[in-house]
2 protein chains.
Amino acid sequence: MSARPDRTLRQFLGYGMKRAFAAIQTDVNAALAPHGLRMMTYSVLVVIRDTPGVRQSRLSDILLIERPNLVLILDELESADWITRTRAQDDRRAYDLRVTLKGRRVCDRASAAVAAHDSRMAAGLGPEERLALLDALHRIESNGRSSDDDADQVSRP
Amino acid sequence: MSARPDRTLRQFLGYGMKRAFAAIQTDVNAALAPHGLRMMTYSVLVVIRDTPGVRQSRLSDILLIERPNLVLILDELESADWITRTRAQDDRRAYDLRVTLKGRRVCDRASAAVAAHDSRMAAGLGPEERLALLDALHRIESNGRSSDDDADQVSRP
DNA sequence: TATTGTTATACTCTATAACTATA
DNA sequence: TATAGTTATAGAGTATAACAATA
């Protein structure tokens, strides 16, 4: 009957975003699986590599992961000997997180796989189009945070 | 130490997409909650409204929801008296799905809330930028499907 | 008192196998 | 035998409350 049964939804950014992100997630997880990683574990591994000595609270702020959920991801990375958790010298509640040599090698190989995945998904987009897309995504993320602030202001008059 | 601890991830479309989509999902679910809906239940309700008599298999194809998961969503919508499931005349295995009058009213109100949400999230994007974004998202989704086909061909030589 | 990491728990979305009743 | 819908179940990701050790 209707050629585009989802035409009402197609006008919304969220619908296109959900479908595009689902495609990306499926593809990147397939690309990461041979390396023993998933999107979330890879993201955490990369940020630890790029920020040696980072602590769990900071990491959860950076990646927008709740602290309790990060604990399980770190357990997984630590069990694989890809990161170390060592007590911080200046604060014995905290841990300094670092990637091991093994972890760095896995991270490098996985990063190549993710870069290839990214190129596949971006096929047909020119360099300017790609930059415009990244910029628009960042703008939308910011708009979401502003929305949070507004809600806070309204709920605490 | 690093001003952008996620600079490696920021170059990837998937990372920006995940963060933008998370912001959208939080905002749209907050917009829909007063109407008793979530992103998924709203999407299903809209497609049924726009495709009267649609069947569950077709609906799951349209929205990329697995049939078993759709059943629970429809149970929820039916319990609220927003849709009806009536046996199809030509095939007694199947159901014709339709929104009730009550369901149409909820859907209309929710759609206004979602439209307002969408405008909030798209703030700062011009009409052309917005169209370019929707087009890029659609392109990425297509690239994902091509990737699936390739994988099928490779795994079945 | 506040913070760091942790445990426990719950909810949503997603994914698969196996069942029933029809076709 | 194939399909429409269903049941049961399991895996991820996400979210909150409450706790121990430390600041």
Side-chain angles (χ1 to χ4, degrees), chain A residues 14-15 17-19 21-30 32-33 36-44 48 53-78 83-97 144 148, chain B residues 14-15 17-19 21-30 32-33 36-44 48 53-78 83-97 144 148:
Chain A
Y15 185 68
M17 195 86 74
K18 180 176 168 60
R19 295 178 72 106
F21 179 64
I24 286 181
Q25 196 172 34
T26 298
D27 194 83
V28 77
N29 280 334
L32 286 170
L37 289 163
R38 302 183 308 281
M39 183 184 269
M40 290 307 299
T41 53
Y42 169 73
S43 300
V44 167
I48 297 174
V54 68
R55 296 182 185 172
Q56 297 182 200
S57 296
R58 173 106 176 90
L59 191 49
S60 71
D61 285 346
I62 294 167
L63 287 174
L64 309 179
I65 303 172
E66 295 300 318
R67 265 142 245 148
N69 299 329
L70 181 57
V71 170
L72 301 178
I73 293 172
L74 294 174
D75 287 348
E76 197 176 327
L77 295 176
E78 194 184 23
I83 64 162
T84 56
R85 280 196 262 213
T86 59
R87 281 285 176 197
Q89 293 184 337
D90 61 323
D91 185 342
R92 296 197 324 184
R93 293 171 302 182
Y95 291 102
D96 287 345
L97 301 173
D148 284 354
Chain B
Y15 186 68
M17 195 87 72
K18 181 175 166 62
R19 295 178 72 106
F21 178 65
I24 285 180
Q25 195 172 33
T26 298
D27 195 81
V28 78
N29 280 333
L32 286 170
L37 289 163
R38 303 183 308 283
M39 183 184 272
M40 291 307 298
T41 54
Y42 169 72
S43 300
V44 168
I48 296 174
V54 68
R55 296 180 184 174
Q56 297 182 199
S57 295
R58 174 105 176 90
L59 190 50
S60 71
D61 285 345
I62 294 167
L63 287 175
L64 308 181
I65 302 172
E66 295 302 320
R67 265 143 244 147
N69 300 327
L70 180 59
V71 169
L72 301 178
I73 294 172
L74 294 174
D75 287 349
E76 197 177 326
L77 296 175
E78 194 183 23
I83 65 163
T84 56
R85 278 196 266 213
T86 60
R87 280 286 176 198
Q89 294 183 338
D90 61 323
D91 185 342
R92 296 198 324 185
R93 294 170 300 181
Y95 292 104
D96 287 345
L97 302 172
D148 285 354

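Proteins come first, then strands; the chains are lettered A, B, ... in the order of their sequence lines, and each starts at number 1.
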Using side chain to side chain contact (heavy atoms under 4.5 Å, CB included) as the criterion, list what pairs up with Ala33(B), not counting sequence neighbours. none

Nearest whole angstrom, please: distance from the P of dA15(D) to the CD1 of Ile73(A). 12 Å

Check: protein-nucleotides 19-21 of chain D nitrogen or oxygen pairs below 3.5 Å:
none

Met39(B) vs Arg85(A), nearer the 5' end of DNA chain C by closest nucleotide: Arg85(A)

Which sits closer to the 5' end of DNA chain D, Val54(B) or Asp90(A), going by the nucleotide each is nearest to? Val54(B)

With side-chain contact (heavy atoms from CB on, under 4.5 Å) as the criterion, how do Leu74(A) and Ile48(A) come out once you've worked through the C-alpha distance, each side chain's angles and the decisive distance to 0.1 Å? CA-CA 10 Å; Leu74(A) 294 174; Ile48(A) 297 174; 3.9 Å; yes

Report the distance from atom CG of Asp75(B) to atom P of dT6(D), rounded to the nearest whole Å. 7 Å

Within residues 61-68 of chain A, which residues have any heavy atom lying less than 4.0 Å from an atom of DNA chain C? Arg67(A), Pro68(A)

Given atom CZ of Arg58(B) and atom C1' of dG5(D), what is their separation to the nearest angstrom? 17 Å

CG (Leu37(A)) and CD1 (Ile73(A)) are apart, to the nearest 0.5 Å, by 11.0 Å

With heavy-atom distances below 4.5 Å as the criterion, would you say the side chains of Met17(B) and Gln25(A) are in contact? no

For nucleotides 9-12 of chain D, tabulate all protein N/O to nucleotide N/O atom pairs closer than 3.5 Å, reporting atom names and distance.
none

Mind checking side chain to side chain donor-acceptor pair (under 3.5 Å) for Tyr15(A) and listing every partner two or more places apart, or none if nothing turns up? Asp6(A), Arg19(A)

The residue, Ala22(A) or Asp91(A), whose nearest nucleotide of DNA chain C is more 5′ is Asp91(A)

By side chain to side chain donor-acceptor pair (under 3.5 Å) - contacts of Asp27(A) (at least two apart): His117(A), Arg120(A), Ser147(B)

Measure across Arg55(A) and Asp90(A) and return the closest heavy-atom pair with its distance rounded to 0.1 Å. NH2-OD1, 2.7 Å

Could you please name the option among dA4(D), dT6(D), dA23(D) that lies closest to any side-chain atom of Ser57(B)? dA4(D)

With sequence neighbours left out, write down each residue that passes side chain to side chain contact (heavy atoms under 4.5 Å, CB included) with Thr84(B), or none if nothing qualifies. Thr86(B), Arg98(B), Thr100(B)

Set of residues satisfying side chain to side chain donor-acceptor pair (under 3.5 Å) with respect to Arg85(B), sequence neighbours excluded: Gln56(B), Asp75(B), Glu78(B)

Walking along DNA chain C from 5' to 3', note the first and the last nucleotide with an atom under 4.0 Å from a heavy atom of chain A, and give both. dA2(C) to dT14(C)

Over all heavy atoms of both residues, which pair between Gly144(A) and Ala23(B) is shortest? Give the atoms and the distance, please. CA-CB, 4.1 Å

For Asp91(B), the side chain to side chain donor-acceptor pair (under 3.5 Å) test, sequence neighbours excluded, returns Arg93(B)

Short side-chain N/O contact to dT6(D) OP1/OP2 from Gln56(B), under 4.0 Å: yes

Return the set of residues passing side chain to side chain contact (heavy atoms under 4.5 Å, CB included) with Asp61(B) (not counting sequence neighbours), or none when no residue passes. Arg67(B)

Run the salt bridge (Lys or Arg N to Asp or Glu O under 4.0 Å) test against Arg38(A) and tell me which residues pass, sequence neighbours left out. Glu76(A)

